[in-house]
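Numbers here are sequence positions counted from 1. Start at 1 and go down the list; that is how both ligands and their atoms are numbered. The figures that follow rest on heavy atoms only: side chains count, while hydrogens, waters and symmetry mates do not.
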Amino acid sequence: MKVWSDRRIIDNKAPLDSFSYPLHYGGPAVWEGMRAYVQEDGSCKIFRLKEHVQRLRDSSKIIGYNIPYSNAEIEQACEALVQQNGNKDLYLRPIAYLNVDAESIHGIQTKDLKLDIYCVPIPKLHRNSEKGIRMVVSNVIRAYPQFTMQAKTPANYADITQVQPLLDQTGVQDAFLLDNQGYVVEATVANFFVVKGDVIMTPPNKGSILPGITRRTVAEVLGDSALMFSKYKKVPRVVEKDITKADLYTADCVFLCGTYAEVVKVSEIDGRAIDGDDSYFRIIQTEYSNVVRGRK
Ligand code: PMP
């Protein structure tokens with residue numbers, strides 16, 4: 001797969017430099033994950049490209065560094081890269097990082113980040129989206145509400161390292177994380193929704209979650225009462241609410257959402273089956289796929 005690196009498209013990824021500053025200090029770096037989808041008309045389009053590039057920009061502002069390219073340049077680079085890689089379903093990962101050695105700790109000279117954009121085929125997820133995935137609620141607390149949580153920056157992903165031993169022990173596919181008050185706020189790399197009757201709940205953004213672009217798309221689709229009524233004769237109420245473990249255990253249906261995972265049903269949480277009415281999940285599965293593929 002070809003890589004975009006400082007205005008050039010090159011054949012291979014850069015080898016990992018183990019003496020690089022971001023690897024030693026968990027940043028400064030910011031990144032995005034987006035997907036290109038082949039559309040109904042045969043063209044290929046990056047889903048919510050502008051929003052992702054803007055979030056990359058916002059992330060860099062939050063951590064106080066600069067990406068020395070305009071949003072338009074980054075968008076064009078992503079599109080050119082998808083084209084170079086064959087205009088098919090792809091996952092894109094732009095990463096902007098401080099390109100200096102770890103020894104620079106006492107004297108960083110620049111606020112400008114280097115930008116590379118990677119592009120990889122999307123592996124078939126071993127998660128069975130029909131049956132759903134098994135999860136546990138971990139006791140890992142998402143980084144304390146603070147402004148850097150709103151940035152997609154490597155330091156925020158230290159949670160994954162904390163959660164991995166629990167996944168290994170329990171054999172489940174993912175875990176929920178808590179905020180500092182004990183509410184359940186996110187999965188490791190995805191937001192989530194909880195369905196109870198016609199109410200669909202998701203945790204509010206109080207500084208402990210990454211407010212996902214997929215989360216917003218799901219809320220827009222399910223909140224489109226004209227669409228929901230005309231096509232499905234069901235109109236849910238989508239609300240932001242602090243979610244407790246009890247809300248999860250007693251839900252009709254729980255599903256994760258994120259760019260990589262898209263929408264994935266959860267079949268079991270802490271050994272309790274979540275097996276009630278999943279019709280809203282099936283609706284969003286269909287409608288999400290329609291939106292990303294440009295189908296009406
Ligand atoms: N939370 C975290 C921590 C994530 O890494 C992601 C994936 N980017 C999400 C939520 C979902 O965000 P999005 O829908 O924008 O991919």
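- For atom 16 (O) of ligand 1, the closest heavy atom belonging to the protein is Thr259 OG1, 2.6 Å.
- Heavy-atom contacts of Ile213 reach the following atoms of ligand 1: 13 (P), 14 (O), 15 (O) (cutoff under 4.0 Å).
- Heavy atoms of Tyr157 approach ligand 1 to within less than 4.0 angstrom.
- In terms of heavy-atom proximity, Pro22 sits nearest to Tyr97 at CG-CB, 4.1 Å.
- Those atoms of ligand 1 that come under 4.0 Å of a heavy atom in Gly212, given as number and element, are 12 (O), 13 (P), 14 (O), 15 (O).
- The pair Lys152-Glu32 does not meet the salt-bridge criterion, since no charged nitrogen lies less than 4.0 angstrom from a carboxylate oxygen.
- Under the 4.0 Å criterion applied to side-chain N and carboxylate O atoms, Arg293 and Asp89 are assigned as salt-bridge partners.
- Between Lys206 and Asp179, no side-chain nitrogen of the basic residue sits less than 4.0 Å from a carboxylate oxygen of the acidic one, so the salt-bridge criterion is not met.
- Assignment of Lys152 to the shell around ligand 1 is supported, since a heavy atom sits closer than 4.0 Å.
- With a 6.0 Å cutoff to the six-membered ring centre and a 45° limit on the axis angle, Lys231 does not count as a cation-pi contact of Phe229.
- Salt bridge status for Arg215 with Glu240: present, with a side-chain N to carboxylate O gap under 4.0 Å.
- In terms of protein heavy atoms, atom 14 (O) of ligand 1 is closest to Thr214 OG1, 2.5 Å.
- Relative orientation of the Phe193 and Phe255 rings is parallel, given thresholds of 30° and 60° on the angle between their planes.
- Contacts between Thr188 and ligand 1, counted as non-hydrogen atom pairs separated by less than 4.0 Å, involve the backbone only.
- Residue Ala190 touches ligand 1 through its backbone alone, judged by heavy-atom distances below 4.0 Å.
- Nearest residue to atom 2 (C) of ligand 1 from Met34, Glu186, Arg216 is Glu186 (criterion: closest heavy atom).
- Each of the atoms 1 (N), 2 (C), 4 (C), 6 (C), 8 (N), 9 (C), 10 (C) of ligand 1 lies under 4.0 Å from some heavy atom of Leu210.
- In this structure, of His52, Arg142, Glu51, Arg215, the residue bringing a heavy atom nearest to atom 3 (C) of ligand 1 is Arg142.
- Of all atoms in ligand 1, listed by their number and element, those nearer than 4.0 Å to a heavy atom of Asn191 are 10 (C), 11 (C).
- Ring geometry for Phe47 versus Tyr288: interplanar angle over 60°, hence perpendicular rather than tilted (30 to 60°).
- Ligand 1 has no atom lying under 4.0 Å from any heavy atom of Glu32.
- The protein heavy-atom contact nearest to atom 9 (C) of ligand 1 is Val189 O, 3.5 Å.
- Cluster annotation: Ile133 and Leu167 are assigned to distinct hydrophobic clusters (Ile/Leu/Val/Met/Phe/Trp/Tyr, side-chain heavy-atom contacts under 4.5 Å, transitive).
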